[in-house]
Amino acid sequence: QVQLVESGGGLVQAGGSLRLSCAASGRTFSSYTLGWFRQAPGKDREFVATIDWNGGSIYYADSIKGRFAISRDNGKNTVYLQMNSLKPEDTAVYYCAADSRGPWRLKAHEYNYWGQGTQVTVSS
C-alpha cells in the first residue's frame with residue numbers, strides 16, 4: 001500500500017512558477033513508477049508526466065514539454081513537478097499517482113494509487 005499526499009498548489013499569474021510535491025508513505029516507494037496527472041473542470045483526467053523508479057525513464061505530455069520537469073527523491077519518498085512559464089490553460093487539479101508494475105505508464109487506469117489532488121490556478 002502507498003499513500004500519496006500532494007502539496008504546493010495555489011494561485012499564480014501567467015508566466016509564473018510553482019513546484020508541486022507529492023509525499024508518499026510505504027517502504028517500497030523507490031520501486032514505484034510515479035506520475036502526475038491533471039483534471040480541469042468538465043474535462044477528463046490528463047497525463048502530464050511520469051518517472052520510473054530511478055529517474056532513468058521520464059516522459060512528458062506534449063502540452064507541457066519544455067515547461068514542466070518531474071523529479072523524485074527516493075530518500076525523502078517524494079516526487080516533484082516543477083512548473084514554469086505557466087499558462088491559464090494549465091489551471092486544473094493536479095494529482096500524483098504511483099504503480100509498481102513498471103515504467104512508461106501514460107494512462108490513468110495504469111496507476112493503482114492516487115493522491116487527493118492539489119489545485120493550481122493560473123490567472124491571465
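This structure is a prediction, so every number in the text was calculated from the model and none was measured.
- Side chain of R105 to backbone of D52: no donor-acceptor contact under 3.5 angstrom is found.
- A donor-acceptor pair is defined here as one N or O able to donate and one able to accept, closer than 3.5 Å; no such pair exists between the side chain of D73 and the backbone of T78.
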Pairs of donor and acceptor atoms involving the side chains of residues 31-38, under 3.5 Å and at least two apart or interchain, shall be tabulated with distances.
| residue | atom | partner | partner atom | Å |
| --- | --- | --- | --- | --- |
| S31 | OG | T28 | O | 2.7 |
| T33 | OG1 | G102 | O | 2.8 |
| W36 | NE1 | Y80 | O | 3.4 |
| R38 | NE | E46 | OE1 | 2.8 |
| R38 | NH1 | D90 | OD1 | 2.9 |
| R38 | NH1 | Y94 | OH | 2.9 |

Would you check, one step at a time, whether the test side-chain contact (heavy atoms from CB on, under 4.5 Å) holds for V79 with I51?
CA-CA 9 Å; V79 61; I51 185 169; 4.3 Å; yes

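- Among all heavy-atom pairs drawn from R101 and E110, the shortest one is NH2-O, 3.2 Å.
- Applying the 6.0 Å contact sphere to CD of Q3 captures no more than 12 heavy atoms from other residues, nucleotides or ligands.
- Remark: side-chain polar atoms of N74 are not paired, donor with acceptor, to backbone N or O of N77 under 3.5 angstrom.
- Between T50 and Y111, the side chains place a donor N or O and an acceptor N or O closer than 3.5 Å (distance only, hydrogens not considered).
- One hydrophobic cluster holds both M83 and V12 under the rule that ILVMFWY side chains link at heavy-atom gaps under 4.5 Å.
- F68 and F47 fall into different hydrophobic clusters, where Ile, Leu, Val, Met, Phe, Trp and Tyr are joined by side-chain heavy atoms under 4.5 Å apart, directly or via other members.
- Note: the hydrophobic cluster containing F29 also contains Y113 (ILVMFWY, side chain heavy atoms under 4.5 Å, direct or indirect links).
- Taking the centre and axis of the six-membered ring of W53, the NZ or CZ atom of R72 falls outside the cone set by 45° and 6.0 Å.
- The two residues S17 and N84 make their nearest non-hydrogen contact at OG-OD1, 2.9 Å.
- The closest donor-acceptor contact from the side chain of R67 to the backbone of S85 lies under 3.5 Å.
- What you find for P88 and A14 is that their closest heavy atoms are CD-CB, 4.1 Å.
- Residues L106 and L81 fall into different hydrophobic clusters, defined by Ile, Leu, Val, Met, Phe, Trp and Tyr side chains chained together at heavy-atom separations under 4.5 Å.
- In plain terms, the two heavy atoms of C22 and L4 that are nearest each other are SG-CB, 3.8 Å.
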After noting the C-alpha distance and the side-chain angles of Q116 and E6, does the key distance pass the side-chain contact (heavy atoms from CB on, under 4.5 Å) rule?
CA-CA 7 Å; Q116 83 290 348; E6 301 97 334; 2.9 Å; yes

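- Residues A40 and T91 come closest through the heavy atom pair CB-O, 3.7 Å.
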Donor-acceptor contacts under 3.5 Å from residues 57-66 side chains, at least two apart:
| residue | atom | partner | partner atom | Å |
| --- | --- | --- | --- | --- |
| Y60 | OH | I70 | N | 2.9 |
| D62 | OD1 | K65 | NZ | 3.1 |

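- Scanning both residues, G9 and L20, for their nearest heavy atoms gives N-CD2, 3.6 Å.
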